[in-house]
Amino acid sequence: MQQSIQPFIKNLVLIGGGHSHVIALKMFAMNAFPGVRITLITNCGDTPYSGMLPGHIAGFYTRSQCHIDLRKLASFAQAQLYVDSVTGIDLENNRVICANRPDVGFDLLSIDIGSTPATISVPGATKYAIPAKPVGNLLQNWYDLVEKIKANPREAVNIGIVGGGAGGVELALSMQGNLKKYDSNLEIHLFGRDNQLMPNANSLLGNLLRDILIERGVKLHLGETVCKVALKEDIGAKNVICESGLQVECNHIFWVTQASAPKWLESTGIVTDERGFILVNDNLQSLSHPQVFAAGDIATMENYPRPKAGVFAVRQGKPLFENLRRSLLGKALRKYVPQKDYLSLIGTGDGKALATRGWLTLPPSKLLWNWKDSIDGQFMKQFRDLPEMGKNSLIPNSSLLTPNSMNCSGCGSKVGGNVLEKVLTRVKESLLTEGEDIVIGLDSTDDAAVVKVPTGKVMVQTIDYFTSLINDPYIFAQIAVNHCLSDIFAMGAIPTSVLALATIPYGKSSIVEETLFQLLSGAVKQLNQARVSLIGGHTIQGSKLAFGLSCNGLGDEKQLLRKGGMQENDVLILTKALGTGVLFAGEMRFQVKGSWIDNAVKSMLLSNQAAAECFLEFGATACTDITGFGLVGHLSEMVKASKIGVELQLSKIPILDGAREISAKGIFSSLYPDNLQASSYITNNKDFEFNGNYPLLFDPQTSGGLLASVSGKKADGCLKKLKELGYEEAEIIGSVGGEGIKLV
Ligand SMILES: Cc1cc2nc3c(=O)[nH]c(=O)nc-3n(C[C@H](O)[C@H](O)[C@H](O)COP(=O)(O)OP(=O)(O)OC[C@H]3O[C@@H](n4cnc5c(N)ncnc54)[C@H](O)[C@@H]3O)c2cc1C
């Protein structure tokens, strides 16, 4: 989480984790810039490096070798990471519109979202062809095709690749190079509008590639303009139809035609070229909106138009960083002149590569492939091997801060009333109307909220509050709400109202407002889902984002689920996997894969509400939620209160992906040593100390699962229902009986 005792003065938002942005982010990481809050909005957690993509399809690299982990990089740059698709930009109010979250404000915006192949104008292409971008979709289709061929190599497979440029040629060579080993009944057809392959390059290269493709059995259809893709209903295959009348039957069609820009850019009012790409000046700055920069495929440099290729996007990273930095500081921008020619090393999918620059072309060789492999490997290394937090010497090379950027304490640290009112007005639009138990709530100006307790009910209260473990206030608030309400659910009660407590990082009021808006929007989303009213709260500024709730719930005194009700022959059911503590400890040290964190976040976003209802339905005898003290810490409280022991099946305990790997490296949450004290409750701990799951028993959980004891007779039905409710990781992890906690 980006944290600072110094206030944020400027809000820099980057859209898309393309090649230019990953380089700019790395440079922001290595040149700390106090006062600037950076937010990366990306529609994927990892972004492909185009230079190695064909090599991945050819089978030389794994998926992770050719992808940059954006979560890890953003963490390293202390940037916020919002995973969502941008669908528009309001350039009058400087707000980015996203598909699934509140819009995001900015002072300075940079766009590096790449391009997609133009398919719109060809009937049937959008429906029946697989575009080369987004790459995630291309790869999924490719993996499925490979699996299909592996399973049934004799089945005829006709691949059609539409596009005779660099992308189409590389795809054809890579696919052929990979699939030849399956001895399959395979045909690859490559369609190109021009008579020459890669028409923008020299004819020597085009002819050389033509000869290689023919020799490798790829059927070339050059000088053919594909005008339609149609389904042949009778045989389920598709026909690629060309203007000349040529029709070729293909059951998998990949579309790698000229790059095009997303439609939504048109509605932003930003000035573009005739193909819809953002026109930028020599500073990579929009011609129409100086607060917007753009780089990579999505940008066209007015004075230096270049082909849409990854190599240009990579080169623009450094000048983009420099001009974003200068723009933030109010300094004069620096002109950038891209080179005209560049050395291109093209993999031929068979462990060789050819080289071309200008009029010079070198034929394919293993030596050239080794050279390309080494260049690409070096490029990726800079994003993979990141130094641990505190070990990277962040050198503040500039700062927006002035001596007046001081923060006050006491009541002076409160968020200004004006800011709070503005945010509350915005979030109130989506807030559920307050329940009938609320006498005085958020709508009133009174000093405190007033809540009725209906006759026959008891009020169940709990409070929790903690600093953010993730660099997205909208997601963090949803996790925090789940975590805080979880105590009420564990008691078998129904939450009705909450008071919120928030600490917002210091900043100028517009940035504080933006963070508070994202935070409260996330909280309201989750509270609405639980049908709980927000009736008040308190907000201050501090060095770290933090959030918590004081929760009120109602229950029937006799039906409350307590820790002390476990019965002999009950079984223990845990609803979520363990490991959030070690994973986030690993994240701080850049030791985790982004996908592990994505998975942990998914688990933390799962509310315990439905699980609690399920446990009540199946007559659970005791229940608790697994949070800060870890599984054994909370279980030992159940054992003490119930005055009966348990047997835990260590191998049955669900563990989040990556948690075992991180704990095996000796990386744990700072609370772990304290939690480990609870090992004294385990009667045979010495026998299991070296088991990979053992340390996770003491791992503190954020928004962890519920642990309940249920009669052995009802356990299978209860577990089945939990799985149906979405608790995929739920497991029976042990049984009740004996003394203390015994591991088996
Ligand atoms: C099969 C194939 C092979 C290629 N091989 C090469 C090669 O060997 N060498 C070469 O130089 N070029 C190659 N290219 C071209 C190269 O892929 C592009 O030129 C390059 O990726 C452009 O980089 P970029 O930074 O502009 O965008 P990208 O690399 O496309 O990155 C854009 C990022 O923004 C994200 N994004 C997109 N839209 C949104 C949105 N609305 N909201 C949030 N995030 C968004 C994307 O998910 C992606 O992470 C190849 C292209 C293809 C299709």
Side-chain angles (χ1 to χ4, degrees), residues 13-25 39-58 66-70 73 81-89 96-101 104 110-117 130-139 142 161-163 165-175 198 254-265 268 277-278 284 294-300 306-317 320 342-349 353-354 356 372 375-376 379:
V13 171
L14 311 177
I15 308 178
H19 295 69
S20 315
H21 275 174
V22 291
I23 289 168
L25 261 177
T39 306
L40 171 66
I41 310 178
T42 164
N43 59 9
C44 53
D46 56 6
T47 197
Y49 168 47
S50 58
M52 286 167 83
L53 195 59
H56 171 53
I57 290 178
C66 66
H67 279 74
I68 296 164
D69 190 330
L70 293 175
L73 181 62
L81 181 86
Y82 296 177
V83 181
D84 203 347
S85 256
V86 170
T87 55
I89 306 168
V96 177
I97 299 148
C98 300
N100 299 304
R101 60 176 298 133
V104 181
S110 180
I111 307 175
D112 177 18
I113 54 172
S115 56
T116 47
I130 302 148
K133 299 245 178 132
V135 171
N137 182 45
L138 166 77
L139 290 181
W142 168 243
I161 296 172
V162 181
V169 168
E170 282 191 292
L171 209 55
L173 287 167
S174 309
M175 287 183 169
M198 293 184 60
F254 293 89
W255 207 263
V256 204
T257 53
Q258 246 200 348
S260 72
K263 277 267 160 224
W264 58 260
L265 265 181
T268 62
F277 294 107
I278 301 169
L284 301 174
D297 279 7
I298 198 60
T300 296
R306 293 287 182 268
K308 304 292 178 195
V311 62
F312 290 108
V314 168
R315 297 253 164 88
Q316 286 174 348
L320 177 70
Y342 61 97
L343 172 75
S344 185
L345 291 162
I346 301 173
T348 45
L354 55 81
T356 179
K372 174 175 167 51
I375 293 171
D376 290 337
F379 179 80

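We number each residue from 1, following the sequence as shown. The structure displayed is predicted, hence computed values, not measured ones. Note that ligands are numbered from 1 as they come in the structure, with each ligand's atoms numbered from 1 the same way.
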Determine whether any protein heavy atom is located less than 4.0 Å from atom 37 (C) of ligand 1. yes

For atom 46 (C) of ligand 1, what is the nearest protein heavy atom, given as residue, atom name and distance? Asn43 OD1, 3.5 Å

Does some side-chain heavy atom of Ile15 sit less than 4.5 Å from a side-chain heavy atom of Ile89? yes

Per-atom filter on ligand 1: closer than 4.0 angstrom to a heavy atom of Val311 are 11 (O)

Using a strict cut-off of 4.0 Å, indicate which atoms of ligand 1 neighbour a heavy atom of Cys44. 47 (O), 49 (O)

Please work out whether any backbone atom (N, CA, C, O) or any side-chain heavy atom from C-beta onward of His21 is under 4.0 Å from ligand 1, and answer side chain, backbone, both or neither. neither

Just wondering, do Thr87 and Pro262 contact through their side chains at under 4.5 Å, heavy atoms? no

Just which atoms of ligand 1 are under 4.0 Å from any heavy atom in Ala309? 11 (O), 19 (O)

Which residue owns the protein heavy atom closest to atom 53 (C) of ligand 1, what's the atom, and how far is it? Ala132 CB, 3.4 Å

Look at ligand 1 and say whether Pro134 reaches it with a heavy atom at a distance under 4.0 Å. no

Would you call the rings of His19 and Tyr49 parallel, tilted or perpendicular, where under 30° means parallel and over 60° means perpendicular? tilted

With a 4.5 Å heavy-atom cut-off, do Leu25 and Leu70 have their side chains touching? no

Atom 18 (C) of ligand 1 has as its nearest protein heavy atom Asp297 OD2, 3.3 Å

Pairing residues for Arg101 by the salt bridge (charged side-chain N to carboxylate O under 4.0 Å, His left out) criterion, not counting sequence neighbours: Asp472

Could you establish whether Ile57 and ligand 1 come within less than 4.0 Å of each other, counting only heavy atoms on the residue side? no

Nitrogen or oxygen of Gly310 less than 3.5 angstrom from that of ligand 1: yes

Per-atom filter on ligand 1: closer than 4.0 angstrom to a heavy atom of Glu170 are 4 (C), 5 (N), 6 (C), 7 (C), 8 (O)

Quick check for you: to the nearest 0.5 Å, what is the distance between Leu354 atom CG and Leu173 atom CG? 8.5 Å

What protein heavy atom lies closest to atom 48 (C) of ligand 1? Include the residue and the distance to one decimal. Thr47 OG1, 3.6 Å

Under 4.0 Å from a heavy atom of Lys308: which atoms of ligand 1 are those, numbered in the order shown and with their elements? 19 (O)

Does any N or O atom in Leu138 lie less than 3.5 angstrom from one in ligand 1, N or O only? no

for atom 33 (C) of ligand 1, nearest protein heavy atom and its distance come out as Gly18 N, 3.6 Å

Suppose we measure from atom 24 (P) of ligand 1 to each protein heavy atom; which comes out shortest, and what is that distance? Asp112 OD1, 3.4 Å

Under 3.5 Å: donor-acceptor pair, side chain of Asp112, backbone of His21: yes

Distance col, row Ser174:OG vs Ile57:CD1, nearest 0.5 angstrom, shows 6.0 Å

How close does the nearest protein non-hydrogen atom get to atom 23 (O) of ligand 1, and which residue and atom is it? His19 ND1, 3.1 Å

Pairing residues for Ser115 by the side-chain hydrogen bond (donor to acceptor under 3.5 Å, both in side chains) criterion, not counting sequence neighbours: Asp297

Distance from atom 14 (N) of ligand 1 to nearest protein heavy atom, with residue and atom: Ser50 CB, 4.0 Å

Quick one: which of Ser115, Gly167, Gly163 has a heavy atom closest to atom 52 (C) of ligand 1? Gly167

Under a 3.5 Å distance rule, please check whether Ser20 uses its side chain to pair with a backbone N or O of Ala295 as donor and acceptor. no

Would the distance check show the side chain of Lys133 and the main-chain N or O of Val256 forming a donor-acceptor pair, the cut-off being under 3.5 Å? no

